[in-house]
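We count ligands from 1, going down the list as the structure has it; atoms in each ligand are counted the same way. In this chain, numbering begins with 1 at the start of the sequence shown.
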Amino acid sequence: MTGPVLGIETTCDETSAAVLDDRGRITSLVVHSQDVHQLYGGVVPELAARDHLRRIEPVAAQALKEAGVARRELEAVAAAAAPGLIGALLVGVSWSRATAFALGVPFVPVHHIEGHLFGPVLEDPEAVPPFVALIASGGHTLLLWAPEWGRYFLLGQTRDDAAGEAFDKVAKLLDMGYPGGPAIEGKAAGADASRYALPRPLLRPLKAAPAPGDFDFSFSGLKTAVARTAEELEAKGSLADEAPHLAASFQEAAVDVLATKTIRAARAVRCPRVLLGGGVSANAALRQRVHAGIGPQGRMFAGSPRVSLDNGAMIARAGQFRLEHGSFGGMGEASASAPLPGLQPWDPHAHA
Ligand code: KG4
Ligand code: ZN
């Protein structure tokens, strides 16, 4: 790289812009978290798109100003182009494409999940493949095996709700606020996580060899179990007192599933290096469980919230990789669902 890169993130409810220097270090990172959704306890797509449109120019201008970089100095403009809310994505992609065109520099479309894979390396130069990655956020939950940048094997993914979505929905039904992850983690602190026996969906007893589906997730049944318990407590008039314990029991179940599968995945591919990305990776219980599970020979890479939650810096860093790699992996226009470039199915027999 010869110059700074601007990265733009607008896939969901964060408008973010960051400037990275030619060596991939953050020189500025600005995140505007939309609060219009708090009223609804979830992201309203149309409101998200409108707010991105209002914020994108001032957020980008602030990032450039804080970095002390003029637009004409930029080497490229990268933007998250998939997956996400289509109206929200269109704002970031259109703004970035137009800016790059006006400056005569490349526009680099980035897959949001690849962005998350590049989050921790912004703080720790050793957070590079090979690693097993758990990317868990409000929109996605998947386990990947990354032998190198750009080559990813899909070990498993959620069959219904994302892990963060489950945190958000449980927080909503327990009246704990939005986003649910930090709210539940806060209420769970000091509460009794073993008071309510909740299901561990798709967590099967350990067999000698991994079977298809072993690394898939499901969170909607767990959420329903919490809802049913909450209804029973409400009927008894004890929901207010019991809500922190129910929240703690839910967190324990969700973390148990996420951590156990991640540790088993690392064993299955015989790689003790694990990366945690996405908003849910901010969860301290999850970090502790994974860290303890991979043992003293293992390495766990989990960035601070500023690089783990949705942000423009991870998009800029993945964009730098794509520019250096000379391929955008087939990424182009904004798409709600384009697949991760370089993603391949995983064959346990070929890798085990
Ligand atoms: O990566 P992110 O900022 O955006 C998406 O791509 O969705 O993740 C946001 C999600 C939300 O669902 C939020 O509840 C969850 O991450 N989250 C957490 C924690 N902090 C954020 N979940 C569990 N524990 C946390 N501490
Ligand atoms: Zn994300």
task = From the options T11, D310, I184, D13, select the one whose nearest heavy atom is closest to atom 4 (O) of ligand 1.
result = D310

task = Check whether any side-chain heavy atom of W149 lies under 4.5 Å from a side-chain heavy atom of L117, and answer yes or no.
result = yes

request  = Could you tell me whether any N, O or S atom belonging to H112 is less than 2.8 Å from the Zn ion (ligand 2)?
outcome  = yes

query = Short list, please: which atoms of ligand 1 are under 4.0 Å from a heavy atom of D168?
reply = 11 (C), 12 (O), 13 (C), 14 (O)

remark   = Here the atoms of ligand 1 under 4.0 Å from any heavy atom belonging to E185 are 25 (C), 26 (N)

task = List every atom of ligand 1 that sits less than 4.0 Å from any heavy atom of G278, numbering the atoms from 1 in the order shown and giving each element.
result = 1 (O)

request  = In plain terms, say whether R228 and E232 are close enough for a salt bridge, that is, a side-chain N and a carboxylate O under 4.0 Å apart.
outcome  = no

key: Closest protein heavy atom (residue, atom, distance) for atom 24 (N) of ligand 1   = N283 ND2, 3.0 Å

ask   = Can you find a heavy atom in the side chain of V274 that is under 4.5 Å from one in the side chain of F301?
value = no

query = How close does the nearest protein non-hydrogen atom get to atom 23 (C) of ligand 1, and which residue and atom is it?
reply = G181 CA, 3.5 Å

query = According to a 4.5 Å side-chain heavy-atom criterion applied to Ile, Leu, Val, Met, Phe, Trp and Tyr, with indirect links allowed, do L286 and L309 form part of one hydrophobic cluster?
reply = no

ask   = Is there side-chain contact between R299 and I294, with heavy atoms separated by less than 4.5 Å?
value = no

query = Which atoms from ligand 1 have a heavy atom of G139 less than 4.0 Å away?
reply = 7 (O)

query = Which is it for H116 and ligand 1 at heavy atoms under 4.0 Å: side chain, backbone, both or neither?
reply = side chain

request  = Report yes or no: does a heavy atom of C12 sit under 4.0 Å from some atom of ligand 1?
outcome  = no

message = Can you name the atoms of ligand 1, numbered from 1 with element, that are less than 4.0 Å from a heavy atom of H112?
response = 6 (O)

inquiry  = Contact between ligand 1 and Q251 is defined here as a heavy atom of the residue under 4.0 Å from a ligand atom; is it met?
reply    = no

ask   = Given the rule that I, L, V, M, F, W and Y join up when any side-chain heavy atoms are under 4.5 Å apart, are V255 and L276 in one cluster?
value = yes

key: Residue part near ligand 1, for V280, under 4.0 Å between non-hydrogen atoms   = both

query = Is the distance from the Zn ion (ligand 2) to some N, O or S atom of H116 under 2.8 Å?
reply = yes

request  = Heavy-atom contacts with G138 under 4.0 Å: which atoms of ligand 1 show up? List them by number with element.
outcome  = 5 (C), 7 (O), 8 (O), 9 (C), 10 (C), 12 (O)

inquiry  = What I'd like to find out is whether the side chain of I8 reaches to under 4.5 Å of the side chain of I315, using heavy atoms alone.
reply    = no

message = As an exercise, identify every atom of ligand 1 less than 4.0 angstrom from a heavy atom of L309.
response = 3 (O)

Numbered atoms of ligand 1 (with element) below 4.0 Å of H140, judged on heavy atoms = 6 (O)

inquiry  = Taking R204 first and then D216, would you say they form a salt bridge - that is, a charged N and a carboxylate O separated by under 4.0 Å?
reply    = no

request  = Considering only NZ, NE, NH1 and NH2 on the basic side and carboxylate oxygens on the acidic side, decide whether E333 and R97 come within less than 4.0 Å.
outcome  = yes

task = Tell me, please, whether Y178 has K172 positioned over its six-membered ring: NZ or CZ under 6.0 Å from the ring centre and within 45 degrees of its axis?
result = no

R287 CZ: over 12 foreign heavy atoms closer than 6.0 Å = yes

query = Is it the case that one hydrophobic cluster holds both V77 and V108, taking links as side-chain heavy atoms less than 4.5 Å apart, direct or via other members?
reply = no

note = Restricting D310 to its N/O/S atoms, the closest one to the Zn ion (ligand 2) is OD1

query = In terms of residue, atom name and distance, what is the protein heavy atom nearest to atom 21 (C) of ligand 1?
reply = G279 O, 3.3 Å

